[in-house]
**Student:** 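Take this structure first; my questions come after.
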Amino acid sequence: MTDAQMDVGASRAPTAASQRSVLIIEDEANIIEALKFILSREGWQVFTHSNGHDAFDAIQRHQPDAVILDVMLPGRSGYDILRDLRAEPGLADLPVLMLTARGQSKDQDMAQSLGANLFMTKPFANAQILDALKQLVGG
Amino acid sequence: MLFLFSVAFWAERLPAHAKARWFNLPIIYTLSLSVYCTAWTFYGAVGYAARSGLEFLTIYLGPSLIMFAWWWSLRKLVRVGRSQKITSVADLISSRFGKSNTLAVLVTVLAVIGTTPYIALQLQSVTLSFAAFAKADAQVDMLGNTGSIALAVAVGLAFFTVLFGTRNLDVNERHSGVVMAIAVEAVVKLLALLAVGVFVIWGLNGGVSSSLQVIDASPIGRQPIVPARWIGLTLLAAAAFLSLPRMFQVLVVENQNEEHLLTASWAFPAYLMLMSLFVVPIAATGLKYMPAGANPDLFVLTLPLSQGHEGLALLAYLGGFSSATSMVIVAAIAVSTMVSNHIITPLWLRAGGGGAHISGDIRVVILRSRRLSITGVVLLGYLYYHFSSGTSALAAIGLVSFAGIAQVMPAMLGGLFWRGATRSGALAGVSIGALVWLYCLFLPSFGSSVLMPDQLLANGPFGISWLRPHALFGVVGFDPLIHAVFWSLLLNTGSFVIISLISFPSPVERLQGAQFVNVFDHSDAPRGWQGQTAQTEDLLIMAQRILGAPQAQALFSSAAQAQGLDGYLPDPTPDFLRQLERELSGTVGAATAHAMIGQITGGVSVSVQDLMAVADETAQMMEYSSQLERQSAELTRTATQLRAANDKLTQLSVQKDAFLSQVSHELRTPMTSIRAFSEILRDGADLPPEARAKYSSIINEEAQRLTRLLDDLLDLSVLESGTVQLNLRSGALKDVVDAATQSALAGQADLAVKVHFIPPHMKAMRLHTDLDRLGQVFINLIANARKYCDADTPQLIITAQLRGAFVQIDFADNGSGVPRDAQDVIFEKFARLSDQKAGGAGLGLAICREIVERLGGAISYVPGGQGAQFRVSLPIRAPKL
């Protein structure tokens, strides 16, 4: 699966100008589908990307308002991508929500030290994701 | 004889201090050496001179040279004897060469063989002289009764010797009574001979000048001087002087003080000179006055008798008697010491008598065996005399004995001066020398056809002429005595040196060698320095080295205080020395402490026993330290093992963390989908039916994935823990492959599977193994091929081959295979390749590996093939667990 930009729910979005965008970088297809459904329903413009290799390129291309970043990705880990992101002048302040299924405290420490804004362990309640994004983007 | 008893008794009974004064007189020591001059010398020298001219002088020349020119080496001998508590020649040689009892027995036997004829000689001279005396007296007719006189003398001497020779078992084997008696006898025989000499010169010949004319007229001066005989005999006498048992006894064993040697070194040659002074005049006058055919061996006695001077004759008789008895007594003591110490006592101990006895009993046994030996030695001499009476040449027997005992010489001197001398060398030398002596001299000396057939004497054994006893190796022209002395001593010394050079000494031999050869370094001079302060200082220096300075100084100063002395150096009193020895022995061991203190105080020289004990202690310490080393090595090993175990645990812990992390990930991922979609379904009443259906099926799918994961985890855990129950049964390999293929393909035709059996009859091959588990492995491998094979028309070839007691089954697909860097890890848990389409948790191959290993086989990835190729190798009969 390669880049997939889906304009799901664009018709229901309040205005194009005020619409916030989020890029989901995640390799599990079912999780992508669930997140896209939840976020689109709340008016987010959702981009998705499913591997670590060119995730950084995808971020630069889409210029989202926030990124949901999985840790275990094929090709390149979420931590590496975050490290690059924080080193990139234009992207250093991009809000990032990290997701992981490993659920150990050292993962959270790692994420924080690398500059993740928020960190969540799978599985999560759908409302938690929405609250977290609102907190990051202020929407 | 009675006089002898009283002298000896008086000497033994003297109060200690008087005794010390008397025996410290060097002249007593010197006179006791005169035991060298036996009846043979007393009577025989004159006979010798009458027969062979001046050659008799060699008998005096040898010992004089030794005493005068070589007294320092005698001092060494005496020092060794004292410091090693040597009791006899046999003891000396055995002690030097590693306490070899074989050597001791050899030397003892040689001594007995050499001494017995000599004792017989003494008995004979006593008997002959008595007979001569009695014949002239004519009042008593004892002629037919000479045998009983010899017996009476023998018994009397044996009794005297037993009485004074074994009164006590002194460690030093010193017999003051005997020595005193012998000194008195020495005076008697000298006075007797001088008296006869004076009588002959001034009484018979009427002055010195007329005596000289008598001598000139006699054949004595005209006897040719044969240099070979002179040299040989002088050498022989010198050797005998050193090694004759009785000489060793008085020279070394009975020596009270080394300093006495200094006096003896001039006084004894002087004594010998006096003894020989009138030999020639007496012989010449005897030849002139006595009728032809008179025995010249008895001139000393018969000359005064013939002139009617019975008083003088009695004195001469007493001189001869003294010479004979002193020789018999000392020889009996010396030889019996050897026989008792080296033959009887060892035999008795070996016979088991010594097993449970206390030392007191051993003393009794030794005393008894000593007494028995003395009696035996004297009796043997008597028997020899009894059976060989008739042979009249006394001097000949004496020289034969000399030559026999001289065989001890090379080993003795070699042992004293050459550290390289070994036991084997000494054994070889003494035995070869003794054999040559026996063969060339002793056996032929009994006369033709007595002990050695005429035939052999004339032509050699088996007609081999160069083995003739009197012309060994074709050497002719010497007389038998010199011939035998030459060959026996040459072969003796030669083999001693050669064997010593090629053999290795034992540790005891090395130690003793050093002790003997360097005796002056090891033992202090008897009048060692007595400076007490210096001694105590030395003790302190030694104690500091061993105990450490503070402790040693505290010990010394407290001892000094206790003695009421100022300063820190106490007097070396016996109490203090004992205390110090105790303290030191705690550190270095008792024997070492004893030896060290003995060395410094000079009271005790270090004996072999001490050194052996030191060596034992050192060995124990080395043993102890090697034990410590072993323990330390063990600790190191344990520590290494612990570290390895810890590393392994750490590694396991890291692996466990990684595993838990993986499991968490594999569990949480499907749960995330399930939770998210179930919330969507719960909250979204307005969802279109098709979305509802889709989301429900996703939930269902993920739930199944979770179940599979849990199944695999449990399976793996059971396999890894080794608690799995294998259900071993027999079945055809082909059936297992077919069933697995069918199951893995699940009716789909997306993978073409071909199965080959090589050779074809392998189809019927039956395995005895867990067929269900094996099927599980096959299903996994086929399913993997179905999942991962990326060829356009995926194909899997299964090949089963027989490899000895194993079957080898390859699964090869036509895809792109496993990347090289992943090939090493695919059998690890969760080593799923990055591609997610398999949908498994990455435990399949790990489970396969566990199963195959349980069944006694192996599974591997075969690199280099066209596609992915897995190989299962399996024993035909799975081993029982």
Side-chain angles (χ1 to χ4, degrees), chain A residues 1-2 8-9 12 24 26-42 46 48 50-55 68 70-79 97-110 119-132, chain B residues 653-654 656-688 690-706 709 788 819 821-822 830-842:
Chain A
M1 194 181 296
T2 53
V8 180
R12 283 191 278 162
I24 302 168
E26 163 67 68
D27 60 334
E28 280 280 330
N30 287 338
I31 295 177
I32 290 175
E33 182 154 3
L35 283 174
K36 197 154 71 181
F37 179 86
I38 298 159
L39 294 173
S40 308
R41 198 171 56 182
E42 293 300 320
V46 179
T48 66
S50 68
N51 68 69
H53 296 298
D54 44 4
I68 295 175
D70 189 21
V71 172
M72 285 179 73
L73 290 168
R76 203 140 182 267
S77 87
Y79 293 135
L97 165 62
M98 289 214 78
L99 291 179
T100 178
R102 289 202 296 219
Q104 287 179 329
S105 57
K106 67 178 181 189
D107 285 312
Q108 187 161 1
D109 297 343
M110 183 79 176
F119 177 89
M120 283 174 66
T121 304
K122 296 172 184 178
F124 42 80
N126 295 346
Q128 278 179 308
I129 290 285
L130 292 169
D131 290 348
Chain B
S653 169
V654 170
K656 192 198 73 181
D657 283 355
F659 179 72
L660 280 177
S661 194
Q662 294 272 11
V663 169
S664 168
H665 182 263
E666 296 305 318
L667 287 171
R668 283 171 188 274
T669 301
M671 277 161 72
T672 307
S673 301
I674 291 172
R675 184 165 181 188
F677 282 113
S678 59
E679 277 188 23
I680 291 168
L681 286 175
R682 184 192 63 196
D683 301 338
D686 54 343
L687 278 178
E690 62 274 15
R692 203 174 273 275
K694 187 185 177 190
Y695 296 161
S696 300
S697 71
I698 289 177
I699 290 172
N700 181 264
E701 199 180 288
E702 296 285 9
Q704 282 181 31
R705 184 176 153 191
L706 270 179
L709 174 69
Y788 296 110
D821 56 350
F830 302 113
R832 183 178 45 194
L833 301 182
S834 51
D835 200 312
Q836 274 288 251
K837 77 175 177 183

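Every chain is numbered from 1 and lettered A, B, ... according to where its sequence line falls, protein lines coming before strand lines.
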**Student:** Using only atom types and a distance under 3.5 Å, with no angle test, would you say the side chain of B:S664 pairs donor to acceptor with the backbone of A:A101?
**Tutor:** yes
**Student:** Checking heavy atoms, do the side chain of A:F37, its backbone, both or neither come under 4.5 Å from chain B?
**Tutor:** side chain
**Student:** On a heavy-atom basis, which atom in A:A34 and which in B:I680 lie closest, and how many Å separate them?
**Tutor:** O-CD1, 4.0 Å
**Student:** My understanding is that only one of A:T100, A:L99, A:T121 makes a side-chain contact (heavy atoms from CB on, under 4.5 Å) with B:R668; could you say which?
**Tutor:** A:T121
**Student:** Output the distance between atom OG (B:S678) and atom CG (A:N126), rounded to the nearest 0.5 Å.
**Tutor:** 8.0 Å
**Student:** What residue among B:T669, B:I698, B:I674, B:T672 forms side-chain contact (heavy atoms from CB on, under 4.5 Å) with A:N30?
**Tutor:** B:I698
**Student:** Answer with side chain, backbone, both or neither: which region of B:I699 has an atom nearer than 4.5 Å to a non-hydrogen atom of chain A?
**Tutor:** neither
**Student:** I'd like to know if A:R41 and B:E679 make a salt bridge, using a cut-off of under 4.0 Å between side-chain N and carboxylate O.
**Tutor:** no
